[in-house]
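Atoms within a ligand are numbered from 1 in the order they appear, just like the ligands themselves. It should be emphasised that the depicted structure is a prediction, and the values quoted were computed from it without experimental measurement. Residue numbers count from 1 along this sequence.
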Amino acid sequence: MRFPLKKVAVVAAVAAFAIPLSACSGSGRAGTHSGASGDPAGSQLVGVAMPTKVDQRWIQDGDNVKKQLEAAGYKVDLEYANNDIPTQGQQLETMITKGAKVLIVASIDGGALGQQLDDAKAAGVKVIAYDRLLTGDENVDYYATFDNFKVGVQQANSLLTGLGYLDASGNKTGKTGPWHVELFAGSPDDNNATFFFNGAMSVLKPLIDAGTLVVTSGQTAFNQTAIQGWDPATAKKRMDDLVAKSYADGKTKLDGVLSPYDGLSDGIIASLTAGGFKVGDAGWPVITGQDAEVASVKQLIAGSQYSTIFKDTRDLAKEAVSMTEAVLKGTTPEINDTKSYDNGKKVVPTFLLQPVVVTKDNYQKALIDSGYYTPDQLK
Ligand code: BGC
C-alpha cells in the first residue's frame with residue numbers, strides 16, 4: 001500500500017494516463033477473430049485478475065490488458081482483489097463459472113490458487129500467469145513477465161552507480177568505498193521477489209565479501225530482508241529499526257539502500273525523513289526502486305530516490321493478449337524462455353520482456369518520449 005500522501009498523485013496520474021493502442025495486436029473490431037472452437041472472439045470471455053488497485057502499476061496493467069483485449073474483440077471481466085488472497089480465489093471461480101475461456105492472473109500469493117487452477121483445467125480454461133508466476137500447480141499454460149533476475153541486477157548496478165563504484169556506463173571508477181548499505185527484498189509469497197533479490201545479490205555479494213560494501217546490520221539473507229505483502233509501512237518500520245540500531249548515533253553513514261519496489265522506497269524515505277535525514281544533504285543515501293510510478297519519478301527528479309526500474313505495462317499487456325489469442329486459436333504463443341520459471345510442478349513456457357533502469361538523467365527519454373507519461377503528469 002502506498003502512503004496516503006501519494007494517493008492524490010496516483011489517482012491523478014491514473015486519470016491522466018493515456019494508453020496508446022498502437023501496441024494492440026487486434027483489429028479493433030469485435031467479432032473478427034476466431035477462437036479454437038470457431039467462435040468469434042466477440043463471444044469469448046477473458047477473465048483478468050489483478051492483485052490490488054493501491055499500486056499504480058496494476059491499474060495500468062489492468063487498463064492496458066482490458067483495452068487491448070476489447071480492441072481484439074473479446075469480452076473482459078477485470079477484477080481487483082484488494083491484496084486479499086481468498087477474494088482473488090473467489091474472483092477466479094466466478095470467472096470460470098461465467099464461462100471465461102482464458103484467465104490472465106497477476107496473483108497475490110502465487111502458490112495459493114491451486115484449487116482454482118485445477119478447476120480451470122477441468123473446465124477447459126487456459127491460464128496465463130501475468131507478471132507473477134503461479135506456483136505449485138501444473139495447470140499454468142504460459143507466463144508473460146519481465147526478466148526478473150535482470151531487474152535485480154539492474155537495481156544492484158544502479159545502487160553501485162549512485163554510490164560511485166560504477167560510472168554511468170557501468171565501468172568501475174576505481175573508488176573502493178567501503179560503503180555502508182542496507183538491503184530490502186520483496187514479499188516471500190511472490191516468486192518475483194526471490195528473482196529480484198538473487199539478481200541483485202549476484203552483483204552485490206562479491207562486493208560484500210570483499211568488504212567494498214558493508215551491510216551494517218549484517219542482514220543479508222532473503223528472509224531477513226523480505227517485506228511481507230510488499231507493504232511500505234513494514235518497510236518503514238524495518239528502516240526505523242535499522243537506523244535506530246546502526247546509524248542514529250551518527251558514527252556510521254548510511255550510503256545506500258537496495259529497495260526492490262517504489263512503494264518500499266516510499267517507506268524507506270518516510271523513515272529517513274522522520275529520522276532527521278535531509279534530501280540533498282551529503283548524508284542522504286542512494287535509494288533504488290521499481291515500477292517507475294509517477295510519484296516515484298517525481299522523487300527521482302527531486303533527488304530523494306536515485307533510481308527505479310521501468311517495466312512498460314503496455315508491452316506486457318500486449319504479450320498477454322497475443323498469448324490469449326494464440327491459445328484460443330489453438331496455436332502456440334511466442335515464447336523466449338523455457339528454462340527459468342520452474343513453478344515446482346513444471347517449467348512454465350515464458351515470454352520475458354526487458355526492463356530499463358531509470359534515473360533523473362534518462363526519465364525524459366524512457367518515460368516521456370516513449371509516451372508512457374505526459375510531462376504534466378510528472379510536474
Ligand atoms: C512486480 C513488481 C512490483 C511488485 C510489487 C512484483 O511482482 O513484478 O513490478 O513492484 O510486485 O507490486
Rounded to the nearest 0.5 Å, how far does OG1 of Thr308 lie from CD1 of Ile287?
12.0 Å
Between Phe310 and Tyr372 (judged by ring centroids, cut-off 6.0 Å), do the two rings come close enough to count as a pair?
yes
Sorted by chain and residue number, the residues with a non-hydrogen atom under 4.0 Å of ligand 1 are Asp55, Arg57, Trp58, Asp131, Arg132, Asp190, Asn192, Phe196, Trp230, Tyr261, Gln290, Asp291, Lys311
Check the angle between the aromatic planes of Tyr341 and Phe195 and answer parallel, tilted or perpendicular using the 30° and 60° thresholds.
parallel
Pairs meeting criterion salt bridge (Lys or Arg N to Asp or Glu O under 4.0 Å) with involvement of residues 192-204, two or more places apart
none
For residues 102-112, dump all side-chain donor-acceptor pairs below 3.5 Å to protein atoms at least two apart in sequence or in another chain.
unit_1 : atom_1 : unit_2 : atom_2 : d
Asp109 : OD1    : Gly111 : N      : 2.9

With Glu93, which residues qualify under side-chain contact (heavy atoms from CB on, under 4.5 Å), at least two apart?
Gln90, Ile96, Gln115, Gln116, Asp119
